[in-house]
Colleague: 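Provided herewith is a single structure, encoded as structure tokens, for subsequent inquiry.
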Amino acid sequence: KRRTPYMLTIMGWLLKDPSWYEAAWEESNQSFAMARRWHAGYHFGRREFTECIPLYLEALAISPMYPDSWFKLGCAAMREEQWQVAIK
């Protein structure tokens, strides 16, 4: 069976290993927003705001209908004093 981006993303969540999110992103040819969103959430939960900001931006550029992701992006951007990102 072929590995799917969804399966790889779930593995990242189960194992708490961000390398699976990257594998999902690559497998999808950079089109599976869920992989980026969950990868960003992993870093946000660890208070690694610099790492999560570009991941949220990529995910939301593909699939913008996630208010929770917009909120977390804004919070992370404010923590890092990236005001232009925060006001999106």
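These values consider heavy atoms only, across backbone and side chains, with no hydrogens, waters or symmetry-generated copies.
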Colleague: Just how far is it from atom CD of Glu58 to atom CD1 of Ile53, taken to the nearest 0.5 Å?
Modeller: 13.0 Å

Colleague: With a cut-off of 3.5 Å and sequence neighbours excluded, list every side-chain donor-acceptor pair involving residues 5-21.
Modeller:
residue, atom, partner, partner atom, Å
Thr9, OG1, Pro5, O, 2.8
Lys16, NZ, Trp13, O, 3.1
Asp17, OD1, Ser19, N, 3.0
Asp17, OD1, Ser19, OG, 2.8
Asp17, OD2, Ser19, OG, 3.1
Tyr21, OH, Trp13, N, 3.2

Colleague: From Tyr42 OH over to Glu48 CD, what is the distance, rounded to the nearest 0.5 angstrom?
Modeller: 6.5 Å

Colleague: Test side-chain contact (heavy atoms from CB on, under 4.5 Å) on His43 and Phe49; report intermediate values, then the result.
Modeller: CA-CA 7 Å; His43 288 295; Phe49 301 119; over 6 Å; no

Colleague: Hey, does Glu51 have a side-chain heavy atom less than 4.5 Å from the side chain of Phe44?
Modeller: no

Colleague: Spell out, yes or no, whether Trp38 and Leu57 are grouped together once hydrophobic residues are joined by side-chain heavy atoms under 4.5 Å, including indirect joins.
Modeller: no

Colleague: Give me the atom names and distance for the closest heavy-atom approach of Gly74 to Ala86.
Modeller: O-CB, 4.0 Å

Colleague: Is any side-chain heavy atom of Trp25 less than 4.5 Å from a side-chain heavy atom of His39?
Modeller: no

Colleague: Would you compute the distance between atom CZ of Arg47 and atom CZ of Arg79 and round it to the nearest 0.5 angstrom?
Modeller: 4.5 Å

Colleague: Measure across Tyr56 and Arg37 and return the closest heavy-atom pair with its distance rounded to 0.1 Å.
Modeller: CE2-O, 4.1 Å

Colleague: If we ignore hydrogens and angles and just use 3.5 Å, is the side chain of Trp70 paired with the main-chain N or O of Lys88 as donor and acceptor?
Modeller: no

Colleague: Once rounded to the nearest 0.5 Å, what's the spacing between atom CG of Leu60 and atom CG of Leu55?
Modeller: 11.0 Å

Colleague: Please determine whether the number of non-hydrogen atoms from other residues, nucleotides or ligands lying under 6.0 Å from atom OH of Tyr66 exceeds 12.
Modeller: no

Colleague: Assess whether a salt bridge exists between Glu22 and Arg36, defined as any Lys/Arg side-chain N lying under 4.0 Å from an Asp/Glu carboxylate O.
Modeller: yes

Colleague: Measuring from atom CD of Glu80 to atom SG of Cys52, what distance do you get when rounded to the nearest 0.5 angstrom?
Modeller: 8.0 Å

